[in-house]
Amino acid sequence: MQGAFTVAELDRKFGSAGLVRVCEGNGRLPRVQVNGAFGQGEMYLHGAQVTSWKATGKDELLFVSTKSGWQEGQAIRGGIPICFPWFRGKVNDPKAPAHGFVRTKTWQLESITESEAGVTVSTSTTTDAHTRQWWPAEFRLVHRVTFGPQLNLELVCTNTGPTTFRFEEALHTYNRVGDVGRVRLRGLNNVHFLDNTCSNKEKMQDGDVAIAAQTDNAYLNTAGEVELLDEVMRRRIRLRKHNSLTTVVWNPWREGAAALRDLGDGEWNQFLCVEASNILDSAVSLEPGQEHRMTAVISVEQL
């Protein structure tokens, strides 16, 4: 439910015959399903999380674990989770939820519109009693997703309170791949990064990024696009972004995956996370009344 609205009422308000449907998904959680000439997409109100995008004539872009939990208070493993207002663990508070609290909240469905670019689904969440117990700031967060020939994501944070606050953010995209050990990530050569598997030691990338072990890198000062080349699925996934100064690349590999109860056996080999983000020293400082807008545009083409 969304406030006083049932899923059926949301569908009557926002649905469009043959194009958009609001219905129950896994765990009976409300979701928006989009089906147009451009392809198909799916987004849950739980975490405002995109869980599927399949452009016409193309394979599914996103990975979602077969062991993912689909329930209130638990993050969905896969798709595109939203990390906010901190990334990884919260500094000085080990009891705080990892990657912040919005990925386990039910967001409000605000609008669904159609244009030449595709179908845009807008959702929002704001400060409430739950967020205040972890973070005192007053905020409004809008996630605007356009499902079209490409996938366009826009995360807009507004400071609605009287004091300046600082936050981290990430669109934690799980790209589905044929074999993570056989992909290459191009566009980060000679970029400095912090290796979180090595106490955030600063290193420099030499050539394309290849995955051969547990990987958790935060690439710094990255405004340019990156390309994920997948020789098994024979496709190129391109990420372009705006107002994002860090790019996170993550895969738990076999050892890290063993500790993740919501990841199926061997599924670590089926994805690589490449994330538009602003984390660590690139966290965003926002004064009262100001807004910050980060966008990510994902496109796919055959190799």
Side-chain angles (χ1 to χ4, degrees), residues 16 19-22 25 31-64 76-84 102-103 107 109-124 141-156 169-177 183 185-187 222 224-230 233-244 247-250 270-277 293-303:
S16 174
L19 183 66
V20 177
R21 180 175 176 231
V22 184
R31 65 180 171 181
V32 178
Q33 292 182 316
V34 177
N35 190 354
F38 52 80
Q40 301 170 325
E42 178 182 83
M43 181 177 181
Y44 277 73
L45 298 188
H46 182 74
Q49 189 156 331
V50 177
T51 51
S52 177
W53 177 59
K54 188 176 180 181
T56 299
K58 304 291 196 309
D59 292 324
E60 172 64 52
L61 172 81
L62 300 173
F63 165 87
V64 177
I76 299 169
R77 174 69 67 186
I80 309 179
I82 298 171
C83 305
F84 176 94
V102 301
R103 66 184 185 144
W107 292 46
L109 181 56
E110 290 199 332
S111 66
I112 301 177
T113 57
E114 185 182 6
S115 69
E116 291 181 357
V119 174
T120 300
V121 181
S122 294
T123 56
S124 68
L141 198 61
V142 173
H143 190 210
R144 193 171 290 115
V145 180
T146 300
F147 297 94
Q150 56 190 16
L151 184 64
N152 192 310
L153 305 110
E154 185 178 57
L155 192 62
V156 185
E169 60 182 344
L171 294 167
H172 200 310
T173 306
Y174 284 74
N175 297 284
R176 176 176 288 279
V177 299
V183 303
L185 190 62
R186 181 171 293 166
T222 55
E225 68 178 43
V226 294
E227 294 182 340
L228 178 58
L229 306 176
D230 185 340
M233 296 188 72
R234 301 188 64 178
R235 68 181 183 181
R236 175 189 289 108
I237 300 173
R238 179 177 286 114
L239 168 64
R240 292 181 287 117
K241 59 202 187 85
H242 181 65
N243 278 344
S244 161
T247 301
V248 176
V249 178
W250 178 73
Q270 299 173 21
F271 68 85
L272 180 65
C273 290
V274 183
E275 312 171 30
S277 57
R293 186 181 306 261
M294 180 177 74
T295 61
V297 180
I298 304 172
S299 57
V300 184
E301 59 187 53
Q302 295 305 119
L303 287 176

K.L.:
For Gly148, does its backbone N or O pair with a side-chain atom of Trp53 as donor and acceptor, under 3.5 Å?
P.N.:
yes
K.L.:
Taking atom CZ of Arg176 as the centre, report whether more than 12 heavy atoms of other residues, nucleotides or ligands fall under 6.0 Å from it.
P.N.:
yes
K.L.:
Does any pair with a residue in residues 145-154 pass salt bridge (Lys or Arg N to Asp or Glu O under 4.0 Å), and if so which ones, sequence neighbours excluded?
P.N.:
Arg144-Glu154, Glu154-Arg293
K.L.:
If you define the side chain from C-beta out and look only at heavy atoms, does anything of Thr51 sit under 4.5 Å from Leu62?
P.N.:
no
K.L.:
Minimum heavy-atom separation for Gly36 to Leu19, with atom names?
P.N.:
CA-CD1, 3.9 Å
K.L.:
Specify the closest pair of heavy atoms between Pro149 and Ala55, including all atoms of both residues, with the distance to one decimal.
P.N.:
O-CB, 4.2 Å
K.L.:
Can a donor-acceptor pair be found, under 3.5 Å and without considering hydrogens, that links the side chain of Ser115 to the backbone of Ala117?
P.N.:
yes
K.L.:
Identify every side-chain donor-acceptor pair in residues 295-303 under 3.5 Å, counting partners at least two apart or on other chains, and give the distances.
P.N.:
unit_1, atom_1, unit_2, atom_2, d
Glu301, OE1, Arg238, NH1, 3.4
Glu301, OE2, Arg236, NH1, 2.6
Gln302, NE2, Arg234, O, 2.9

K.L.:
State the CG-CG distance between Leu228 and Asp230, to the nearest 0.5 angstrom.
P.N.:
6.5 Å
K.L.:
List the steps, then state whether side chain to side chain contact (heavy atoms under 4.5 Å, CB included) holds for Tyr174 with Arg77.
P.N.:
CA-CA 9 Å; Tyr174 284 74; Arg77 174 69 67 186; 2.9 Å; yes
K.L.:
Nearest 0.5 Å please: distance from the OG1 atom of Thr120 over to the CG atom of Asn152.
P.N.:
7.5 Å
K.L.:
In this structure, which one of Lys241, Glu225, Glu275 forms a side-chain hydrogen bond (donor to acceptor under 3.5 Å, both in side chains) with Thr247?
P.N.:
Lys241
K.L.:
Where do Ile82 and Leu171 land on the side chain to side chain contact (heavy atoms under 4.5 Å, CB included) test, with the steps shown first?
P.N.:
CA-CA 5 Å; Ile82 298 171; Leu171 294 167; 4.1 Å; yes
K.L.:
Does Thr56 reach the main-chain N or O of Ala37 with its side chain, forming a donor-acceptor pair under 3.5 Å?
P.N.:
yes
K.L.:
Less than 4.5 Å apart, side chain to side chain, heavy atoms only: is that true for Cys273 and Phe63?
P.N.:
no
K.L.:
Testing the basics here: between Met294 and Asn243, what is the closest heavy-atom pair and its distance to 0.1 Å?
P.N.:
CG-O, 3.8 Å
K.L.:
The criterion is ring-ring contact (aromatic ring centres under 6.0 Å, His included); which residues satisfy it with Tyr44, sequence neighbours excluded?
P.N.:
Trp70
K.L.:
Between the main-chain N or O of Gln49 and the side-chain N or O of Trp107, is there a donor-acceptor pair closer than 3.5 Å?
P.N.:
no
K.L.:
CG/Leu155 to CD/Glu169 distance, rounded to the nearest 0.5 angstrom?
P.N.:
5.5 Å
K.L.:
Quick one: ring-ring contact (aromatic ring centres under 6.0 Å, His included) partners of Phe38, sequence neighbours excluded?
P.N.:
none
K.L.:
If I compare all heavy atoms of Val142 with all of Ser124, which pair ends up nearest, and what's the gap?
P.N.:
CG2-CB, 4.1 Å
K.L.:
Please list all pairs passing the salt bridge (Lys or Arg N to Asp or Glu O under 4.0 Å) test where one or both residues lie in residues 42-64, with sequence neighbours left out.
P.N.:
Arg31-Glu42
K.L.:
Taking side chain as C-beta onward, heavy atoms only, is Leu61 less than 4.5 Å from Asn175?
P.N.:
yes
K.L.:
Apply side chain to side chain contact (heavy atoms under 4.5 Å, CB included) to residues Val156 and Leu141 and explain how you reach the verdict.
P.N.:
CA-CA 6 Å; Val156 185; Leu141 198 61; over 6 Å; no
K.L.:
Would you call the rings of Trp250 and His172 parallel, tilted or perpendicular if under 30° counts as parallel and over 60° as perpendicular?
P.N.:
perpendicular
K.L.:
Can you name the residues that form a salt bridge (charged side-chain N to carboxylate O under 4.0 Å, His left out) with Arg235, not counting sequence neighbours?
P.N.:
none
K.L.:
Apply side chain to side chain contact (heavy atoms under 4.5 Å, CB included) to the pair Glu227 and Leu229, showing each step before the final yes or no.
P.N.:
CA-CA 6 Å; Glu227 294 182 340; Leu229 306 176; 4.3 Å; yes
K.L.:
Would you name the heavy atoms of Met43 and Ala48 that are closest together and state the gap between them?
P.N.:
CE-O, 3.5 Å
K.L.:
Is the backbone N or O of Ile80 less than 3.5 Å from a side-chain atom of Thr173, with the two atoms forming a donor-acceptor pair by type?
P.N.:
no
